[in-house]
Amino acid sequence: MAKAAKELGPKEASNRKETPAAPERAEHPTFAREELERILAERESWTQGELAEVLGKLARRKARFETDSGIPIPDVLDPASVRESDYLRDVGYPGRYPFTRGPQASMYRGRIWTMRQFAGFGSPEDTNRRFKYLLQHGVHGLSTAFDMPALMGYDADHPMSRGEVGKEGVAVSTLRDFELLFDGIPLGDVTTSMTINATAVIALAMYVAVGEKQGVPRARLGGTLQNDMLKEYIAQKEWMIPPAPAVKVNCDVIEFCAREMPRWNPVSISGYHIREAGATAVQELAFTLADGIEYVQECVDRGLEVDAFAQRLSFFWDVHNDFFEEVAKLRAARRIWARTMRERFGAKRKESLLLRTHAQTAGVSLTAQQPYNNVVRTALQAFAAVLGGTQSLHTNSLDETYALPTEEAVTIALRTQQIIAHESGADRVVDPLAGSYYVEWLTGEMERRALEHIRHIDEMGGMLRAVEEGYPQREIAESAYRYQRDIEAGERIVVGVNAFRGEQEAPITILKIDETVARGQVERLRQVRASRDAARAEAALAAVERAAKEGANVVPPVIEAVKAYATLGEISDVFRKVHGVYREDGRF
Amino acid sequence: MSPAKERPLRIVVAKPGLDGHDRGAKIIARALRDAGFEVIYTGLHQTPEMIVAAAIQEDADAIGLSIMSGAHMTLFPAVVELLGEKNARDVVVFGGGIIPQDDVPRLKEKGVAEVFLPGSPTHGIIDWIRANIHPRAAA
């Protein structure tokens with residue numbers, strides 16, 4: 001067995017273009033051959049015996065049993081089902097290559113995952129109050145949702161912002177809004193995640209500027225920027241400029257943080273939106289890791305040493321209802337990433353190989369019908385995320401099929417995590433499902449299927465090309481449609497929707513944002529524009545334009561521009577002017 | 001022009017506003033096409049002006065709006081009003097998405113013919129269209 005592990009030593013990265021397949025072995029190293037043969041013989045006799053007898057009297061409930069991704073599941077799993085698996089090579093120990101059992105050796109025995117509830121709505125003052133409420137009730141880190149205009153690069157007074165200001169996240173147009181958003185929150189002590197992509201570089205710049213105003217140097221700021229444009233084109237669809245220059249800006253941020261912000265995660269490579277748009281778990285796994293591979297390749301191509309930035313890459317997954325598939329997905333993700341970083345990119349530092357992740361329960365799985373059932377769904381999903389070994393978790397609130405959560409609903413969602421952490425026993429042992437024949441078999445299946453997609457994307461020339469050609473977009477739309485048809489055909493049960501329906505229910509209380517928020521934001525924006533040093537703002541915008549045109553790293557000039565109170569819309573206009581606006585055709 | 005009744009219903013499926021969540025819009029577009037309607041999908045990030053222009057250019061019988069960002073109370077009525085301004089009030093506007101139940105009567109007052117809430121099956125939407133939308137008289 002020691003020999004098997006050694007064979008996987010680091011290989012030269014030069015000219016390696018493909019993520020390696022899971023290594024194959026002829027003989028099973030973990031179970032003795034004679035014992036495996038006895039098990040297989042016993043399985044055959046059971047299949048012909050007890051199972052056949054039962055099936056003779058009572059047929060299976062369904063013709064096919066499969067995971068949510070459509071992986072067919074055998075009647076029973078046993079040691080022979082995992083005979084391709086080598087314990088030390090494929091599973092191993094937590095905190096050790098290939099990190100299947102977790103990125104840290106002691107996992108939650110050392111530290112509970114970060115409970116990070118996504119929050120943001122209305123004005124910066126509204127969200128600041130919600131942040132403080134969540135901190136008082138035990139969240140460990142902040143997570144910021146921005147409104148659609150901020151995500152798309154429009155100021156609050158732009159015609160495209162009509163009806164959208166403060167609706168799906170907090171409204172921000174200038175540094176003044178950021179100052180109010182983080183007022184009284186010590187940025188040296190909390191970590192902040194910001195869910196923003198096309199305009200991520202502007203959000204980071206504003207955070208750095210607010211930090212400076214609080215006396216916290218950028219090197220001490222901790223947090224995560226989502227900053228993952230590939231998944232925007234694939235799924236979430238909040239973009240400004242075409243994919244190639246957008247990926248370049250994403251990597252400017254990675255490069256800048258590698259140099260100046262050692263505590264910051266410059267990108268959160270996100271499967272969440274890919275899944276919410278309709279991908280299966282296998283597609284989520286494959287497309288997300290392929291996005292990660294593209295960013296690493298871009299950074300390496302511009303001359304960065306892989307070990308100089310890889311340790312700060314982070315991931316973000318959706319955790320849906322199929323409990324075991326979700327656990328297997330997280331385990332497979334760590335294994336594929338570790339192998340890819342070591343064998344494809346030649347990373348040497350252990351920290352470069354381990355996949356650290358945030359997870360969120362599946363918003364798309366929640367139902368408007370019988371909304372209290374969503375508490376149960378969220379609890380199961382959160383438990384899967386924890387057993388899968390996540391480092392950070394957001395639990396959705398029961399009312400999110402209608403609107404952003406009320407204070408009461410978000411409190412139940414947070415308490416769900418706290419119950420799992422402190423009452424369920426999930427924190428007491430590392431990777432408790434390891435060795436389950438089903439979980440190990442499924443982890444292997446998901447790895448194998450995801451690698452097939454990744455190889456296909458490599459053949460297309462990488463994820464950027466695949467996205468430009470619309471490949472993942474088409475695959476996801478196809479899966480989403482199939483899922484809907486399965487529900488309508490009754491092949492997939494959704495409690496309260498196509499089965500176990502009840503009487504018309506009394507509507508639950510929901511959070512509403514009224515138009516006074518937009519008026520207030522527009523008013524503040526006008527004041528900022530009127531009171532700033534106009535010449536300084538203009539010069540700073542010109543510097544951003546020069547950097548964008550010359551292909552230089554745009555982060556430093558964007559920081560100067562936000563400090564000069566150039567607006568988010570003005571800075572975005574510079575990028576749109578230099579690179580053009582991206583439009584997707586109306587294919588469906 | 002051939003008599004209007006001989007042609008299939010033509011429906012513009014549109015995503016108004018800035019939210020990029022097009023899963024629902026694309027599912028509906030495909031389901032309507034599979035049900036035999038002619039479907040034109042606008043793609044994302046459309047203003048009410050763009051949607052109404054598309055509907056008129058395509059000689060559509062109806063516009064189906066999909067939205068989840070919370071901007072429906074602003075953007076849905078804006079589409080209805082613009083149709084009025086263009087003398088195309090007979091284009092039926094319906095919609096769906098993440099829309100709170102108590103907004104539904106307010107949207108109907110403003111001229112939105114029907115609103116489908118989360119979890120609505122596609123066949124329900126198709127049945128409603130067949131019962132309530134008829135080809136517009138040729139202009």
Side-chain angles (χ1 to χ4, degrees), chain A residues 121 147-149 151-152 154 159-169 232 235-239 273 276-278 364 366-369 399-404 473 476-478 480-481 483-485 487-488 494 496-498 507-508 510-515 518 581 583-588, chain B residues 12-34 39-50 54 58 66-78 96-104 116-126:
Chain A
F121 65 94
D147 70 0
M148 289 293 169
L151 297 184
M152 292 285 290
Y154 296 112
M160 286 300 289
S161 304
R162 223 174 348 170
E164 311 263 18
V165 176
K167 286 281 168 63
E168 234 187 308
E232 289 294 325
Q236 170 107 329
K237 316 283 177 86
E238 308 298 341
W239 52 54
H273 317 87
E276 293 284 301
V364 75
L366 304 185
T367 62
Q369 294 77 11
D399 51 356
E400 289 190 61
T401 44
Y402 287 108
L404 297 176
Q473 297 93 312
I476 291 168
E478 197 59 47
Y481 191 52
Y483 186 89
Q484 180 67 24
R485 283 209 312 211
I487 290 172
E488 295 194 13
V494 182
V497 174
N498 66 352
I508 53 171
I510 57 170
L511 183 81
K512 288 208 175 177
I513 313 297
D514 68 42
E515 292 302 315
V581 176
R583 294 218 182 282
E584 187 184 64
D585 63 21
R587 250 184 311 186
F588 60 90
Chain B
V12 167
V13 173
K15 277 289 299 174
L18 296 179
D19 95 72
H21 298 91
D22 57 0
R23 175 187 178 135
K26 285 187 164 175
I27 286 175
I28 296 298
R30 286 186 63 161
L32 298 188
R33 188 179 61 190
D34 289 356
V39 178
I40 300 105
Y41 171 53
T42 60
L44 289 163
H45 310 133
Q46 301 287 301
T47 61
E49 290 79 7
M50 292 155 93
E58 300 286 351
S66 168
I67 202 165
M68 68 151 279
S69 71
H72 52 272
M73 287 310 299
T74 307
L75 297 176
F76 282 14
I98 308 290
I99 294 170
Q101 212 146 19
D102 49 349
D103 283 347
V104 174
F116 297 96
L117 299 179
S120 303
T122 58
H123 58 78
I125 299 169
I126 290 163

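None of the values given here were measured: they were computed from a predicted structure. So that the names make sense, note that chain A is the first sequence line, chain B the second, and so on, each numbered from 1. Heavy-atom basis, side chains included; hydrogens, waters and symmetry copies ignored.
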| Which residues share a salt bridge (Lys or Arg N to Asp or Glu O under 4.0 Å) with A:E584, sequence neighbours left out | A:K237

Report which part of [X] has an atom under 4.5 Å of a heavy atom belonging to chain A: side chain, backbone, both, or neither.
X     : result
B:M68 : both
B:A31 : both
B:V39 : both
B:H72 : neither
B:I27 : both

| field | Between A:R587, A:E515, A:R583, A:H273, the one whose heavy-atom pairs under 4.5 Å with chain B are most numerous | value | A:R587

| request: Please test A:Q484 against B:T122 for side-chain hydrogen bond (donor to acceptor under 3.5 Å, both in side chains), starting from the C-alpha separation and ending with a verdict. | output: CA-CA 8 Å; A:Q484 180 67 24; B:T122 58; 5.0 Å; no

Segment of [X] engaging chain B (4.5 angstrom heavy-atom cut-off):
X      : result
A:V165 : neither
A:M160 : both
A:E164 : both
A:A277 : backbone
A:P159 : neither

Between [options], which shows the greatest number of heavy-atom pairs under 4.5 Å with chain A?
options                     : answer
B:H45, B:K26, B:H21, B:M73  : B:H45
B:A71, B:G43, B:P16, B:G17  : B:A71
B:D34, B:L117, B:I40, B:T47 : B:D34

Note, [X] side chain near [Y] side chain (heavy atom, < 4.5 Å):
X      : Y      : answer
A:E478 : B:R30  : yes
B:V13  : A:F588 : no
B:D103 : A:K512 : yes
B:L18  : A:D147 : no

| note | On a heavy-atom basis, the closest approach of A:M148 and B:S69 is CG-CB, 4.3 Å

| query | Mind checking what makes side chain to side chain donor-acceptor pair (under 3.5 Å) contact with A:R485, not counting sequence neighbours? | reply | none

